[in-house]
Amino acid sequence: MRFRRRRQCFPSCSSLYEVDEDEIYWRQRRGDEELEWSHRSTPVILQLAQCFTNAMVGPRTWIGGLFNRAGNRKNDKFVQYPLSPLQEERFQRLQDRIPIPFDETQLEHQEALKALWDAAFPNIELKGMVSEQWKEMGWQGPNPSTDFRGCGLISLENLLFFSRTFPASFRRLLLKEGGNRATWEYPFAVAGINISFMLIQMLDLNSERPRCLPGLNFVRLLGENEEAFDILYCVAFKMMDAQWVAMHASYMEFNEVLQETRAQLERELSLDDVHRIEDLPSYNLLYLSNLSFTSLSTNVS
């Protein structure tokens, strides 16, 4: 079976949905290819899943290499930019969260993971911390702790914050509601871990100070709201899903979708009129549901 590569433009959340020749070709062939998949996919599904696993939650060095090549230019002049004492304090507290690993032997970490399950499936009792049920949330296997090697406890905290602060948006993404969904969807929880890692790289949070304009502007937002990173995570997740639907992507294209999401976030964080996290053009995505990408592009400005 032949796959053609396709790409759509996503220059801003206020732009119109653009379709190129490859997309037209894909729409014409899509029905035939999905039918062909239904008869021929079984022998290769496991191989594709393994490829996706390696791309999504592979070794830290692989993931870091991917995003370091994404083009977020760093400049040492930003290191000299003065920060307020409050900005310094909050930035340090955020940095302190990053290296903490998820430890399945710690009761506090277990309780956080259990709370995430309860938020996702409030009417379904979890049978154990190691259970096949976890796959329903998009973890790779019965033990979610094995998926945190690409990022630590902060990725669980991000997911939990999303579930508690924007529960409607959280459940729509978890249940893949809205839009013309792909046959092979991205796994929700593992995608969330990758979004956490992407943001850490994009904002240059492992440096003493951010050396890029989006990172510096983010620290200003952090001075206005200490939850700015967690809120930005929710915005990024919604933006990634909107991009996924717009591209009619399948799970082998997750990295392309994630890089497009990163590029859009960098543009928005470089705008002069963004002084609060709520000023980001894509912030409104958290309150929009069941709309086509064209509708989102028209309404988000």
Side-chain angles (χ1 to χ4, degrees), residues 6-20 23 63-64 66-79 81 87 91 94 158 169 173 191 194-207 209-225 227-247 249 253-288 291-301:
R6 63 195 188 281
R7 185 180 182 85
Q8 293 178 229
C9 298
F10 190 50
S12 72
C13 283
S14 59
S15 65
L16 293 178
Y17 178 27
E18 300 184 17
V19 182
D20 59 16
E23 178 61 16
I63 300 176
L66 170 69
F67 288 118
N68 285 335
R69 293 193 294 270
N72 187 8
R73 294 183 179 181
K74 296 179 173 60
N75 192 322
D76 288 337
K77 73 178 182 180
F78 293 120
V79 177
Y81 192 90
Q87 290 170 344
F91 183 65
L94 176 58
N158 289 154
S169 289
L173 297 193
N194 279 264
I195 291 172
S196 295
F197 188 89
M198 179 270 287
L199 291 177
I200 292 170
Q201 295 294 303
M202 181 189 78
L203 300 173
D204 198 23
L205 297 184
N206 285 316
S207 297
R209 281 193 180 186
R211 295 168 294 161
C212 57
L213 182 59
L216 177 61
N217 286 341
F218 167 76
V219 176
R220 295 171 180 167
L221 303 183
L222 198 61
E224 297 296 323
N225 187 339
E227 295 181 333
F229 181 78
D230 300 275
I231 296 174
L232 183 62
Y233 170 88
C234 302
V235 172
F237 214 141
K238 284 286 289 185
M239 183 188 293
M240 184 279 294
D241 187 76
Q243 178 69 27
W244 176 275
V245 173
M247 292 177 63
E253 297 161 300
F254 179 83
N255 284 328
E256 181 181 351
V257 173
L258 198 59
Q259 290 196 54
E260 292 289 342
T261 302
R262 171 174 174 158
Q264 174 65 17
L265 286 170
E266 288 174 341
R267 284 190 288 268
E268 294 193 13
L269 285 168
S270 299
L271 296 174
D272 293 334
D273 58 349
V274 173
H275 307 292
R276 305 173 305 140
I277 191 70
E278 293 84 0
D279 293 335
L280 289 172
S282 293
Y283 179 81
N284 290 331
L285 287 168
L286 293 169
Y287 299 98
L288 298 176
L291 297 176
S292 66
F293 180 73
T294 303
S295 298
L296 288 174
S297 300
T298 302
N299 286 283
V300 179
S301 59

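Taking both residues in full, the closest heavy atoms of L285 and M239 are given as CD1-CA, 3.9 Å, listed atom of the first, atom of the second, then distance. Looking at every heavy atom in both residues, D204 comes nearest to R211 through OD2-N, 2.9 Å.
Classification of R276 and D279 as a salt-bridged pair holds, one side-chain N sitting under 4.0 Å from a carboxylate O. Between E224 and R220 there is no salt bridge, since no side-chain N of the basic residue sits under 4.0 Å from a carboxylate O of the acidic one.
Distance check, rounded to the nearest 0.5 Å: CG of L216 to CZ of F91 gives 10.0 Å. Interatomic distance, L203 CG to R262 CZ, rounded to the nearest 0.5 Å: 8.5 Å. Expressed to the nearest 0.5 Å, how far CH2 of W244 lies from CD of E256 amounts to 10.5 Å. A distance of 13.5 Å separates CG in L258 from CD in E253, rounded to the nearest 0.5 Å. For the atom pair OH of Y233 and CE of M198, the computed distance is 10.0 Å after rounding to the nearest 0.5 Å.
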Verdict with supporting geometry, F229 and L221, side chain to side chain contact (heavy atoms under 4.5 Å, CB included): CA-CA 9 Å; F229 181 78; L221 303 183; over 6 Å; no

How far apart are the C-alpha atoms of N217 and V274, what are their side-chain angles, what is the distance that settles it, and do they pass the side chain to side chain contact (heavy atoms under 4.5 Å, CB included) test? CA-CA 8 Å; N217 286 341; V274 173; over 6 Å; no

Taking it one step at a time, do L265 and L199 satisfy side chain to side chain contact (heavy atoms under 4.5 Å, CB included)? CA-CA 9 Å; L265 286 170; L199 291 177; 3.9 Å; yes

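For the pair N225/I231, a side-chain contact is recorded, criterion being any heavy-atom separation below 4.5 Å from C-beta on. At least one side-chain heavy atom of L232 sits less than 4.5 Å from a side-chain heavy atom of L280. Side-chain contact between Q201 and N206 is present, with heavy atoms from C-beta onward closer than 4.5 Å. The closest side-chain heavy-atom distance from F254 to M240 is below 4.5 Å. Side-chain contact between V235 and I277 is absent, with no heavy atoms from C-beta onward closer than 4.5 Å.
In this structure, S169 contributes its side chain and L286 its backbone to a donor-acceptor pair below 3.5 Å.
No donor-acceptor contact under 3.5 angstrom links the side chains of Q264 and E260, judged on distance only.
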